[in-house]
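Hydrogens, waters and symmetry mates play no part in the numbers below; they use all other heavy atoms, side chains included.
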Amino acid sequence: MYQQENIKPYGKSGEKGKLVEKMFDNIADHYDFLNHGLSWNIDKGWRRKAIKRLERFHPQVILDIATGTGDFAMLAARTLHPKQVIGADISEGMMAVGKKKVAEANLQDIVTFQKEDSLNMSFADNSFDAVTVAFGIRNFQDLDKGLREICRVLKPNGHLVIIELTTPISFPMRQLFKLYSHTFLPAYAHLISKDKSAYQYLTATIEAFPHGEQLMGILQKAGFKETAFKRMTFGICTLCVATK
């Protein structure tokens with residue numbers, strides 16, 4: 001078990017997946033504003049760089065896990081021009097916001113949403129050309145099982161792209177990020193969403209999540225090959241790519 005798997009929203013006991021679902025349902029209406037605001041819109045650039053990694057493979061059927069309000073799924077549809085993108089999430093509240101955005105963007109023929117447990121998905125083996133996960137993999141209740149599920153639903157030689165918030169490893173960014181994440185981030189989140197606990201959970205899971213070389217080993221153990229990672233914006237975000 002990895003350290004972040006023991007960290008649960010609201011500090012409550014019980015199944016982490018159910019608590020994560022409740023948390024995201026609670027903040028769904030404010031999530032986009034908070035997410036972009038807290039990163040000063042840098043997260044949009046991280047997403048673009050991640051999707052660019054898939055361009056040369058021309059994936060036609062894509063699964064976006066922990067899709068939330070659908071930003072990554074919509075970007076994949078616009079950039080990669082696939083036949084289908086399925087956004088999967090446990091939070092109906094987040095996906096409800098995503099469905100409105102997809103309809104407004106006239107992407108509903110390409111991007112659809114489906115409630116799924118990332119640890120036990122309903123999709124058949126070898127279903128997708130590519131799988132993407134943006135800022136959601138650290139919420140997995142069982143990281144090893146979740147990555148094995150992703151590997152299962154990917155086609156042979158299919159590609160996984162992950163972007164995740166991580167703790168910078170170098171001075172002074174490590175210290176500055178800790179100060180920011182423990183002071184400004186929860187205070188701003190509480191002001192906008194009235195759910196300070198959700199963003200305290202965010203900070204705790206970022207600090208606990210395994211990244212860099214350790215995450216590469218976890219991906220390989222789950223069945224992936226040709227794994228690689230790149231730290232972005234001084235290590236605040238990490239981009240990971242892997243092939244089945």
Side-chain angles (χ1 to χ4, degrees), residues 2 4-5 7-9 16-17 19-21 23-28 30-54 62-76 85 87-91 93-95 97-98 101 113 116 118-119 130-141 143 146-147 150 160-168 177 180-181 185-186 188-189 192-193 195 198-212 215 218-219 229-242:
Y2 306 102
Q4 86 283 350
E5 294 174 1
I7 301 171
K8 300 176 181 179
K16 179 172 180 174
L19 294 170
V20 168
E21 179 182 356
M23 178 188 73
F24 280 113
D25 282 344
N26 287 345
I27 65 174
H30 308 283
Y31 179 80
D32 283 341
F33 183 79
L34 280 165
N35 200 35
H36 301 318
L38 289 170
S39 72
W40 307 92
N41 281 319
I42 298 173
D43 65 297
K44 295 179 181 179
W46 295 335
R47 287 185 173 91
R48 286 193 295 270
K49 289 180 180 178
I51 291 296
K52 286 281 187 182
R53 290 297 186 100
L54 291 173
I62 301 170
L63 173 64
D64 184 41
I65 292 177
T67 194
T69 62
D71 278 356
F72 214 31
M74 292 170 67
L75 181 61
V85 181
D89 205 286
I90 58 172
S91 170
M94 294 284 278
M95 289 189 292
V97 175
K101 289 162 57 176
F113 293 88
E116 291 285 343
S118 59
L119 305 186
V131 175
T132 58
V133 194
F135 313 119
I137 203 163
R138 73 180 183 285
N139 296 318
F140 284 9
Q141 184 170 311
L143 180 59
L147 290 174
I150 292 173
L160 168 65
V161 172
I162 299 168
I163 46 173
E164 188 54 85
L165 295 170
T166 48
T167 303
F177 182 73
Y180 173 81
S181 62
L185 189 153
Y188 178 70
I192 302 300
S193 73
D195 195 340
Y199 285 84
Q200 291 173 331
Y201 163 83
L202 168 68
T203 298
T205 53
I206 292 170
E207 292 176 347
F209 187 70
H211 55 94
L215 183 56
I218 294 169
L219 285 164
F229 73 94
K230 179 181 180 181
R231 293 187 174 96
M232 300 187 290
T233 315
F234 307 104
I236 293 172
C237 179
T238 299
L239 165 64
C240 303
V241 293

Q: About how many Å separate CG of D43 and CZ of F135, when rounded to the nearest 0.5 Å?
A: 5.5 Å

Q: Which is it for V85 and T67 under the side-chain contact (heavy atoms from CB on, under 4.5 Å) test, yes or no, and what are the steps along the way?
A: CA-CA 11 Å; V85 181; T67 194; over 6 Å; no

Q: Do L219 and L160 have side chains that approach each other closer than 4.5 Å (heavy atoms only, starting at C-beta)?
A: yes

Q: Run the side-chain contact (heavy atoms from CB on, under 4.5 Å) check on V20 and I90 step by step: do they pass?
A: CA-CA 8 Å; V20 168; I90 58 172; 4.0 Å; yes

Q: Okay, side chain of E164, backbone of R138: is any donor-acceptor separation there less than 3.5 Å?
A: yes

Q: Taking T205's backbone N and O only, do any of them form a donor-acceptor pair with Q4's side chain (distance below 3.5 Å, no angle check)?
A: no

Q: How far apart are the closest heavy atoms of C237 and T166, and which atoms are they?
A: C-OG1, 3.7 Å

Q: Without swapping roles, check the side chain of K16 against the backbone of I7 for a donor-acceptor pair under 3.5 Å.
A: yes

Q: Can a donor-acceptor pair be found between the side chains of Y201 and N139 at a distance below 3.5 Å?
A: yes

Q: Would you say that I137 contacts L147 through its side chain, given a criterion of any heavy-atom pair below 4.5 Å between the two side chains?
A: yes

Q: Which atom names give the shortest non-hydrogen contact between P210 and L143, and what distance separates them?
A: CG-CD2, 4.2 Å

Q: Spell out, as yes or no, whether a donor-acceptor pair under 3.5 Å connects the side chain of D64 to the backbone of F72.
A: no

Q: Assess whether side-chain contact (heavy atoms from CB on, under 4.5 Å) is satisfied between Y2 and E5, documenting all intermediate values.
A: CA-CA 6 Å; Y2 306 102; E5 294 174 1; 3.2 Å; yes

Q: Measuring from C240:SG to H211:NE2, what's the distance to the nearest 0.5 Å?
A: 10.0 Å

Q: Working to the nearest 0.5 angstrom, can you tell me the gap between F229 CZ and L215 CG?
A: 9.0 Å

Q: If you compare all heavy atoms of G136 against all heavy atoms of A66, which two are closest, and at what distance to 0.1 Å?
A: CA-CB, 3.9 Å

Q: Could you give the distance from OG1 (T132) to CG (L54), rounded to the nearest 0.5 Å?
A: 7.5 Å

Q: Quick one: closest heavy-atom pair of I51 and A76, and the distance?
A: CD1-CB, 3.9 Å

Q: Could you tell me the separation between the CD1 atom of I42 and the NZ atom of K44, rounded to the nearest 0.5 Å?
A: 12.0 Å

Q: Search all heavy atoms of S181 against all heavy atoms of E207 and return the closest pair with its distance.
A: OG-OE2, 4.2 Å

Q: Please enumerate all residues that pass side chain to side chain donor-acceptor pair (under 3.5 Å) together with R53, with sequence neighbours excluded.
A: none

Q: With respect to W46, which candidate in T238, L165, L239 satisfies the side-chain contact (heavy atoms from CB on, under 4.5 Å) definition?
A: L165

Q: Do the side chain of S91 and the main chain of M94 share a donor and acceptor less than 3.5 angstrom apart?
A: yes

Q: The test is side-chain contact (heavy atoms from CB on, under 4.5 Å); show your working for T203 and I206 and say whether it passes.
A: CA-CA 5 Å; T203 298; I206 292 170; 5.6 Å; no

Q: Sequence neighbours left out, what passes side chain to side chain donor-acceptor pair (under 3.5 Å) with D71? Give chain and number order.
A: H36, K101

Q: I need the minimum non-hydrogen distance between D89 and G68, along with the two atoms involved.
A: OD2-N, 2.7 Å

